[in-house]
Number of protein chains: 2
Amino acid sequence: MSNIITNFNDKTVKYTQLLSDFKILLKKNSLKFTIQREVILETLYKSDKHLTPESLHHLIKENFPELKTGIATVYRTLALLEDSDMVTSLSFGAQGKKYELGAKEHHDHMICTTCGDITEFVDEEIENRQDSIAHELGFEISDHSMQIYGICKNCKN
Amino acid sequence: MSNIITNFNDKTVKYTQLLSDFKILLKKNSLKFTIQREVILETLYKSDKHLTPESLHHLIKENFPELKTGIATVYRTLALLEDSDMVTSLSFGAQGKKYELGAKEHHDHMICTTCGDITEFVDEEIENRQDSIAHELGFEISDHSMQIYGICKNCKN
DNA sequence: AGATATAATGCAAAAAATTATTATTTAAGA
DNA sequence: TCTTAAATAATAATTTTTTGCATTATATCT
Ligand SMILES: [Mn+2]
Ligand SMILES: [Mn+2]
Ligand SMILES: [Zn+2]
Ligand SMILES: [Zn+2]
């Protein structure tokens with residue numbers, strides 16, 4: 001019997017919901033809803049991957065060529081989304097920061113150093129233990145990030 | 001009763017031991033032992049902090065001004081040390097990659113988002129659970145990294 | 001110790017990544 | 001539709017990291 005939950009691919013949040021949250025957030029801060037911002041959110045959602053600002057920008061240029069989105073806008077929007085906790089950034093291995101929509105449930109990452117494949121998972125036992133540790137050290141947790149590196153099932157063969 | 005171990009400040013490995021390991025490693029790979037490499041290792045050891053290539057370079061220029069160590073050498077040596085598993089890199093928050101000597105025992109990090117203070121810890125329960133998870137998913141662990149973010153005891157007051 | 005081979009270094013240039021500037025466009029609200 | 005304030009693209013400027021190369025230093029061999 002296991003506590004592990006994997007498969008976060010089936011999206012737990014509908015895009016329309018996400019979009020509406022985004023709009024509310026923008027309004028609350030007197031910010032404007034733009035096509036660029038929508039496209040960035042949508043691309044993050046559809047791709048369902050861990051993207052660098054660069055790779056996200058590429059995807060957008062590919063899928064929305066008529067909209068000449070600048071890289072600076074991607075950076076600015078990612079920063080905005082991260083500040084508002086709609087996306088999370090993490091960095092594994094050599095490459096730089098990667099972003100993913102934080103709309104799915106919290107999860108940690110298991111990364112294959114051979115093929116680069118990423119398995120997302122959550123384990124209740126670890127989550128609980130983290131809380132206990134923080135409590136014992138008088139620390140008030142806001143967040144955490146955990147990555148396990150190694151060789152995946154496939155690559156072992 | 002707690003499983004948590006903190007205080008990794010009392011160095012578990014003597015510098016002379018570390019240095020000798022380094023020399024053996026270099027010889028094994030037909031690489032040369034240089035003053036720059038020694039100074040980089042020594043500075044990492046003495047500082048006992050999480051340093052960016054930039055801050056490490058600054059420390060070295062301060063403490064060994066006669067040796068005009070170039071930043072490129074710092075980058076190259078950090079890469080070498082990381083490849084050989086003598087240092088570990090991790091990246092929290094906004095700033096870039098930070099390096100620390102991996103000679104001390106493995107540990108994870110609890111980072112105060114207010115004052116930036118870092119508490120290092122290890123929890124056996126979590127370590128074990130990570131192994132179980134990997135096993136269940138057919139994954140062969142080589143390493144892991146875990147950071148807990150929040151507000152520390154001091155900053156709560 | 002001196003000669004030889006080869007790796008490492010510093011410096012400068014190049015490349016990559018990120019941030020700031022600004023004129024122009026666009027969204028939101030009246 | 002008109003007004004105004006924010007966002008954008010484009011570009012420049014910074015910052016960070018990597019690379020090329022001429023010179024220096026290290027290890028090994030006589
Ligand atoms: Mn993920
Ligand atoms: Mn540490
Ligand atoms: Zn794999
Ligand atoms: Zn603090």
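Numbers restart at 1 for each chain; the letters A, B, ... are given by sequence-line order, proteins then strands.
Taking atom NE2 of A:H57 as the reference point, atom C1' of C:dT19 lies 15 Å away to the nearest angstrom. Straight-line distance from the CD atom of A:E38 to the P atom of C:dA27: 11 Å, rounded to whole Å. Here the C1' atom of nucleotide C:dA16 and the CD1 atom of A:I71 are 11 Å apart, to the nearest Å. Put simply, NZ on A:K27 is 14 Å from P on C:dA27, counting in whole angstrom units. In this structure, A:F33 places its CZ atom 13 Å from P of C:dG29, rounding to the nearest Å. If you measure from atom CG of A:L67 to atom P of C:dA27, you get 10 Å, rounded to the nearest angstrom. Atom NE2 in A:H58 sits about 14 Å away from atom C1' in C:dA17, given to the nearest Å. Distance, B:N29 CG to C:dA7 C1': 13 Å, rounded to whole Å.
Taking only side-chain nitrogens and oxygens, A:Y75 comes nearer than 4.0 Å to OP1 or OP2 of C:dT18. Listed pair B:Q36 / C:dG10 meets the phosphate criterion, a side-chain N or O lying under 4.0 Å from OP1 or OP2.
In this structure, a donor-acceptor pair under 3.5 Å is present between the side chains of A:H50 and A:E100.
Sparse packing is recorded around CD1 of A:I35, with 12 or fewer heavy atoms of other residues, nucleotides or ligands lying under 6.0 Å away. Heavy-atom neighbours of A:K153 NZ from other residues, nucleotides or ligands within 6.0 Å: at or below the threshold of 12. By the neighbour-count criterion of 12 heavy atoms within 6.0 Å, atom NZ of B:K68 is sparsely surrounded, having that number or fewer from other residues, nucleotides or ligands.
Bounding nucleotides for the chain B contact on DNA chain D, 5' to 3', at a heavy-atom distance below 4.0 Å, are D:dT16 to D:dA27.
What you find for A:C112 and A:C115 is that their closest heavy atoms are SG-N, 3.3 Å.
The terminal axes of the helix from C:dA1-D:dT30 to C:dA30-D:dT1, fitted over 5 pairs per end, subtend an angle of 40° to the nearest 10°.
If you check C:dC11, C:dA7, C:dA27 against the side chain of B:K32, the one that comes closest is C:dA7.
Backbone-only contact: A:L31 has heavy atoms under 4.0 Å from sugar-phosphate atoms and none from a base. As judged by a 4.0 angstrom heavy-atom cut-off over every strand, A:R76 is placed among the base-contacting residues.
To the nearest 0.5 Å, atom CD of residue B:Q130 and atom CG of residue B:D123 are 9.5 Å apart. Expressed to the nearest 0.5 Å, how far NZ of A:K97 lies from CG of A:L90 amounts to 10.0 Å.
Side chains of A:T114 and A:N154 form no contact here, defined as non-hydrogen atoms less than 4.5 Å apart. The shortest side-chain heavy-atom distance between B:D143 and A:T113 does not fall under the 4.5 Å cut-off.
Remark on DNA chain D: of its neighbouring residues A:V74 and B:T34, the 5'-side contact belongs to A:V74, judged by nearest-heavy-atom nucleotide.
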